[in-house]
Amino acid sequence: MTQLARRTNSHQQGKSSDKQLRIFNSLTKRKEQFVPLESGKVRMYTCGLTVNYLMHIGHARTYIFWDIVERFLRYLNYEVSHVSNVTDISVDDNILKRVSTNDQTFQQLVTRYTQDYYHDRHLLGIADPYTYAIATQHIQEMIELIQRLLDRGFAYEADDGVYFRIDVFPKYGQLSGIDPNTLQAGAGGRIDKDEYDKETVGDFVLWKRTKPSEPFWYSPWGPGRPGWHIECSAMSAKYLGQTIDVSGGGEDNIFPHHENSIAQSEAANGTPYVRYWMHVRHLQLDGEKMSKSTGNFLTVRETLNQYSAATLRLFLLSTHYRKPLRFKDTTIHRSQRRIDRLRQVLSRLQAINEGKAKPSHAEKQILSSLQEAKQSFESALLDDFNTGRAINHLFRFVNLVHSFLDTRNNIANNTVRDLLTFFESVGSVLFGDLYTREIDVKPDPVVSRLVGLLLQEREQYRHQHQYQQADRIRTVLSELGFEITDTKSGIRWWIKSKA
Ligand SMILES: [Zn+2]
């Protein structure tokens, strides 16, 4: 079984920025100024994968979004404690279904997909949270929480398990908009499933008594397993306290999962559970919601056979998280072209070795545009993490720097450094770990020398009017993934993104 992984944030600790972040709170349905419970610190809990299969790109949209939230909060100098759960083995109905149709034990299936989940997150440049909270390692905390709900009269024991009594929690429905009065009229029904829709709402299960061939844990109510919702209430309280600043997941987590999490936590503790809820809209494939349960999905791995991780990441961030997004090749190609433009501008800047000491007038202008780009990038993300707008600002500036470089050969070192620092700082927020892995990639020195030699050869052929041979060198380099451009100031080359 995977060990609980802990990582201390390496980000700069200190005072949070005075820049005002606004978040659309799914609970109040309006944009609010973000003020954490404790100044300069953010407690964040996000719902991770149910490890019964590989991550699909709809999940990726959500996890990449949370990665941006975490990185941007750090960019603003907040100290972030991010806990994300892994719903593993038998606590989830879906895992049981998959085990029964596959020739694997629970342990084998869950261990494999948990490792795959971590691996796929890394492929997408997503940082590990401060803690991965593994559900099955917290059964005791869940039992204690259920006991507290029983003691306080919010839960009851039935033949097949323990249930939360929704009619004694008047705030039930506050997140999803379900009317508690309607509920009371239809109450009495109990739901023993982890996932259900609003039409079948009723008292929901906290502990399920074991059925034949199912794995189980001992509890005061007999052997069984916890319902899905209780894990997030129990684990967030353990690592982050009873009230947390930020939480959320995909939009389908709103009901019943987050509605039930609020009920469990607030009924047990008597304190507010989450101060800012955020939910990411679905990714659509062929006009329909991408979903594991309907089979309409593409895994991250399948998609990365065709596109680079940076391209996929940029595409998923190109639309604001609260707007629906369609997985479309044409839009993805646009992201791919943008990444090429960014990589080109970085390699052009890095190729400038000797700059004069003082910046020219044109350089001062580009530096002032840099300040504007930085400000626009920040304001876009401060406005409820509007990544689409932030990306547009960034790439407008990339184009501006290209035009600036087209007319100049000699640039002050400080200007180059300021431009590279800016790209690195915003690039690391947007692309996460992919910035150094896929964007700001410095070619191997041996590769650089070999390409240089081949280009010299090509120049000689051209000089001797042997254009066929010259073109052959270019074609070979292109097939190997090198893009060659002839400019007034000489030949430029870079390694292209994956097609
Ligand atoms: Zn959860």
Side-chain angles (χ1 to χ4, degrees), residues 2 4 25-27 43-53 55 58-63 65-67 69-70 81-95 110 113-114 117 121 126 129-139 141-142 145-146 149 164 172 174-176 191 193-197 204-208 225-269 272-280 282 291-293 321:
T2 314
L4 187 76
N25 191 344
S26 316
L27 188 65
R43 295 176 179 89
M44 175 166 145
Y45 182 94
T46 60
C47 290
L49 195 69
T50 295
V51 282
N52 57 6
Y53 196 58
M55 190 204 291
H59 297 130
R61 183 183 191 194
T62 304
Y63 303 142
F65 168 70
W66 288 119
D67 193 44
V69 170
E70 184 177 347
S81 299
H82 177 196
V83 175
S84 192
N85 70 315
V86 176
T87 300
D88 61 337
I89 201 165
S90 73
V91 290
D92 176 83
D93 292 333
N94 288 323
I95 292 179
V110 161
Y113 286 126
T114 304
Y117 171 52
R121 287 175 61 102
I126 302 172
Y130 162 74
T131 296
Y132 278 118
I134 314 291
T136 51
Q137 294 176 4
H138 298 81
I139 302 291
E141 286 85 349
M142 297 183 215
L145 182 55
I146 296 169
L149 289 169
F164 187 95
Y172 195 85
Q174 59 183 333
L175 180 70
S176 59
I191 320 280
K193 288 187 177 61
D194 289 328
E195 288 179 86
Y196 48 89
D197 54 35
F204 61 88
V205 72
L206 299 169
W207 186 264
K208 306 177 188 196
R225 59 192 173 94
W228 170 36
H229 315 294
I230 199 74
E231 70 181 73
C232 291
S233 289
M235 297 193 296
S236 62
K238 173 172 179 173
Y239 294 105
L240 299 169
Q242 292 180 352
T243 301
I244 51 185
D245 293 302
V246 175
S247 187
E251 64 176 325
D252 53 354
N253 285 149
I254 293 176
F255 188 86
H257 185 49
H258 290 155
E259 191 68 66
N260 292 355
S261 303
I262 295 174
Q264 294 161 161
S265 294
E266 299 197 355
N269 304 324
Y273 175 40
V274 172
R275 303 174 68 240
Y276 302 87
W277 281 101
M278 285 190 274
H279 290 95
V280 182
H282 286 309
S291 154
K292 203 151 57 176
S293 53
Y321 75 95

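In listed order, ligands and their atoms are each counted from 1.
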Legend entry - Given Val69, Asp245, Leu240, the one that forms side-chain contact (heavy atoms from CB on, under 4.5 Å) with Met44: Val69

Inset, instruction - Return yes if some donor-acceptor pair links the side-chain N/O of Ser247 with the main-chain N/O of Tyr45 below 3.5 Å, else return no. - result: yes

Inset, instruction - Check whether any side-chain N or O of Glu251 sits under 3.5 Å from a backbone N or O of His279 as a donor-acceptor pair, and report yes or no. - result: no

Inset, instruction - Would you confirm whether Asp194, through its side chain, and Gly227, through its main-chain N or O, come within 3.5 Å as a donor-acceptor pair? - result: no

Legend entry - Side chain proximity check, Met278 to Phe65, heavy atoms < 4.5 angstrom: yes

Inset, instruction - Check the Zn ion (ligand 1) and write out every protein N, O or S atom at under 2.8 Å, as residue and atom. - result: Cys47 SG, Cys232 SG, His257 NE2

Inset, instruction - Without swapping roles, check the side chain of Glu70 against the backbone of His82 for a donor-acceptor pair under 3.5 Å. - result: no

